Amino acid sequence: MSESTDSPTDFIRQKVAADVAAGKHGGRVQTRFPPEPNGYLQIGHAKAICLNFDIAKEFGGLCNLRFDDTNPEKESDEFVRAIQDDIRWLGYDWAKICYASDYFEQLFTWALQLIESGDAYVDELSPDDIRAYRGTLTEAGKNSPYRDRPVAESLGLFQRMRAGEFEDGKMVLRAKIDMAHPNMNMRDPVMYRIKRLHHHRVGDAWCIYPSYDFTHGQSDAIEGVTHSLCSLEFEDHRPLYDWFIQKLGIFPSQQTEFARLNLTYTVVSKRKLRTLVEGGHVMGWNDPRMPTLSGMRRRGYPAAAIRSFCRAVGITKTPSTSDIALLEHAVRDELNRTAPRRMAVMQPLEVELTNWPEDKVIEVVGHNNPGDESAGSRKLPFAKRIFIEQEDFREEANRKFFRLKKGGEVRLRHAYIIKCDEVIKDANGEITKLLCSVDMATLNKNPEGRKVKGVIHWVSADHAREAPVRLFDRLFSVEKPEADKAREFLEFVNPDSLTATTVLCEPSLAEMKPGETCQFERIGYFCADTEESNLGHPVFNRTVGLRDSWAKQDQAS
RNA sequence: AGGCGAUUGGUGUAACGGUAGCACACUGCCCUUUGAAGGCAGUAGCACAAGUUCAAAUCUUGUAUCGCCUGCCA
């Protein structure tokens, strides 16, 4: 699943292509990615980022990064910075970085214009009354008593709102549309509210802030965005989006909605991710189990794999839940091509090579990537005492088990074929050690007259380095943690999603730099953690395990 | 007096009136100094009903099911 060069042909790209062909906006294409800086980006945002930036690129257009910072309540510079880092890491760069807050003055002027044209009014109803007057899904709302106040009065009040003459929540500016509209968003939506909050960019310059609806389309218009792509929940807002543009007579950006991404065995809503962090269910926003970009980055997911995944799930209007296995496939696919191979043993079983001279140490050569000659090779020490994986030995097993068994032979990866002659056990009958003999004629050579099928990994006991490892499993133990409305999603958090253990690894692994990823042969892909690794002492995160068809087969039998 | 949108194998998608294809997952076989990767094969699908048409996944209507909407959030 490498990133293909031919472009996808989803309905949005078809629409953009048709617009270009028709000469709309002179064939110009411009998009934007508009996050609110109130949280960390997650895999769902990655889908939107890829869509917007890729479309701009494919059609020779521009894509801006625009922070939708109209509500200072939960917004901060920390998020502004983290979002930029995540987007760059994903592999994208913006034409311009914009802030809705840069348009506050213009927005205010436009609000004045709508008041003057009789399309907006200052309402003094309380929040509770506004709700009550709005009506319900099946009943029309009713007009506010302030709805038909004179234009001049609204004008004066709105100016005074800005001047800070009224308390928070005392009044709002509303669009005058239709309180009986079947679309709730058209029942005189709020355009401005009074909030005495410090804004991360404009400071205390304003005490009134525009709403999303009165900001987004105008921001698109100011920047000249031709295609304003957003998720399905804004479908109901499109009539409003168009209404403001039409009333204001500004550049007609067009909004198109697509389904957001959902993933099995996880949650992606900001609120729920926050709950996981604040409830201590994970170590933080960048916990490797989190579907955040920072979490996936820390876990070792390559940016290219995430892009590839986003391309694979496509863009539609059908709400759906993608299988996390598809994401994992994209990760393995990328890592299989790029990650150097190494050897490490998770559950060591000592093996003494009886016919190997006591002090003899040789170096064998291991290829870094069998599928990529250019990846080169490294040397591995081989000596009398080695460790193999406990599960690679069975005293007795059928022929399906082609690893080491008593009296049987197996290939040590990159080294010799050995034969198990004797099994040493302790008083409890637990296997403590294997005595094996080496077939000296089999280094990088197959024996004559017999075929040895199994290959297992190993490390030299005297040369192995011990390193901490964290194994991650799915964050939730059910496919759709949000599906059961009667139960809180937290009930489904997988108690075994994190396992801390250690590995014995080949010497070269001690040199792994934080953030680097390799494959532990026959086990999985691991990266050196960026937070907890020290020079010469990596702490490994298991990015994803290798596919294991033997485990399935063994389990089935 | 509700509105808007959606519905194609287990999952995610393609098709734009003319043989339902791809990927993931799953199953079997081959290959292999990673039981990985790779190769080959296989299982499995148009929500339902009417209508238009020589011909419907595709157009029309109805039904069902699901999603979103009653923040001074975005």
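Every chain is numbered from 1 and lettered A, B, ... according to where its sequence line falls, protein lines coming before strand lines. The figures that follow rest on heavy atoms only: side chains count, while hydrogens, waters and symmetry mates do not. If you're wondering where the values come from, they're calculated on a predicted model, not measured in any experiment.
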**Request:** Please report, rounded to the nearest Å, how far the P atom of B:C24 is from the CD1 atom of A:Ile324.
**Result:** 17 Å

**Message:** Does either side chain, that of A:His181 or that of A:Arg187, offer a donor lying less than 3.5 Å from an acceptor on the other one?
**Reply:** no

**Prompt:** Would you say A:Arg378 has more than 12 foreign heavy atoms packed within less than 6.0 Å of its CZ?
**Reply:** yes

**Item:** Atom-to-atom span, CZ of A:Arg413 to C1' of B:A37 - whole angstrom
**Value:** 11 Å

**Asked** Could you give the NE2-to-C1' distance, from A:His329 to B:A37, as a whole number of Å?
**Response** 11 Å

**Prompt:** Is A:Glu328 touching bases, backbone alone, or none of the nucleic acid, heavy atoms closer than 4.0 Å?
**Reply:** nothing

**Request:** Write down the distance between CE (A:Met343) and C1' (B:A36), rounded to a whole number of angstrom.
**Result:** 15 Å

**Request:** Mind checking A:Tyr209 for me? I need base, sugar-phosphate or nothing, with any heavy atom below 4.0 Å counting as a touch.
**Result:** nothing

**Any A:Arg522 side-chain nitrogen or oxygen under 4.0 Å from OP1 or OP2 of B:U33** = no

**Prompt:** Does a side-chain N or O from A:Lys552 land closer than 4.0 Å to OP1 or OP2 of B:C26, or not?
**Reply:** yes

**Request:** Starting at atom NE2 of A:His181, determine the distance to atom C1' of B:C69, rounded to an integer number of angstrom.
**Result:** 12 Å

**Request:** Give A:Leu173 one of three labels, base, sugar-phosphate or nothing, depending on what nucleic acid heavy atoms sit under 4.0 Å from its own.
**Result:** nothing

**Request:** Take atom OH of A:Tyr121 and atom C1' of B:C72, then tell me their distance rounded to the nearest Å.
**Result:** 13 Å

**Prompt:** In terms of side-chain geometry, is the basic nitrogen of A:Glu223 or A:Arg32 positioned less than 4.0 Å from the acidic oxygen of its partner?
**Reply:** no

**Message:** How many whole angstroms separate atom CG of A:Asp323 from atom P of B:A23?
**Reply:** 16 Å

**A:Trp458 ring center near A:Phe382 ring center (under 6.0 Å)** = yes

**Prompt:** So what stems show up for RNA chain B if we need 3 or more Watson-Crick or G-U pairs in a row, all under 3.5 Å?
**Reply:** B:2-7 with B:64-69, B:10-13 with B:21-24, B:26-30 with B:38-42, B:47-51 with B:59-63

**Asked** In whole Å, what is the span from the CD1 atom of A:Ile12 to the C1' atom of B:C16?
**Response** 17 Å

**Asked** Of the candidate nucleotides B:U33, B:U32, B:A1, which contains the atom at the shortest distance from the side chain of A:Lys453?
**Response** B:U32

**Asked** Among A:Trp206, A:Phe67, A:Phe104, which one satisfies ring pair (Phe, Tyr, Trp, His ring centres under 6.0 Å) with A:His199?
**Response** A:Phe104

**Asked** Taking 4.0 angstrom as the limit, do A:Arg193 and A:Asp168 come out as a salt bridge?
**Response** no

